[in-house]
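Just below is one structure, and these are the notes that go with it.
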Amino acid sequence: MRPGYLILFLVTLSAVIGLFMSRDPERAERLSQMYRDAAFSGESRQIVLALLAVGIGAFIVYLTVTRR
């Protein structure tokens, strides 16, 4: 199976599962609550964003330095 078809299949499968999960109001509410509980908030969000920025910056510097 070619990678393009596999990616298309996975996107379609996730869309179908998402539609099925959001159809039931009780299940949709539980899913929304799960997303709210799992989300970063306040200071932890700032720390995660700062770490991401430092990581991306370090990666860019690494690519710039190791370029031949």
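Heavy-atom basis, side chains included; hydrogens, waters and symmetry copies ignored.
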Under a side-chain separation threshold of 4.5 Å, the hydrophobic residues clustered together with Val11 are Ile7
Here the gap from Arg45 atom CZ to Leu49 atom CG, rounded to the nearest 0.5 Å, amounts to 7.5 Å
Rounding to 0.5 Å, atoms CG (Leu10) and OH (Tyr5) come to a distance of 15.0 Å
Here the salt bridge (Lys or Arg N to Asp or Glu O under 4.0 Å) pairs for residues 7-19, sequence neighbours left out, are none
Those residues at least two apart in sequence (or on a different chain) that pass side-chain contact (heavy atoms from CB on, under 4.5 Å) with Ile56 are Ile60
By side chain to side chain donor-acceptor pair (under 3.5 Å), Gln33 pairs with (sequence neighbours left out) Arg36, Asp37
Residues passing the salt bridge (charged side-chain N to carboxylate O under 4.0 Å, His left out) test with Arg30, sequence neighbours excluded, are Glu26
inquiry  = Count I, L, V, M, F, W, Y as connected when their side-chain heavy atoms are under 4.5 Å apart, and connections chain through other members. Are Ile17 and Tyr35 then in the same cluster?
reply    = yes
Apart from Leu8 itself, members of its ILVMFWY cluster (side-chain separation under 4.5 Å) are none
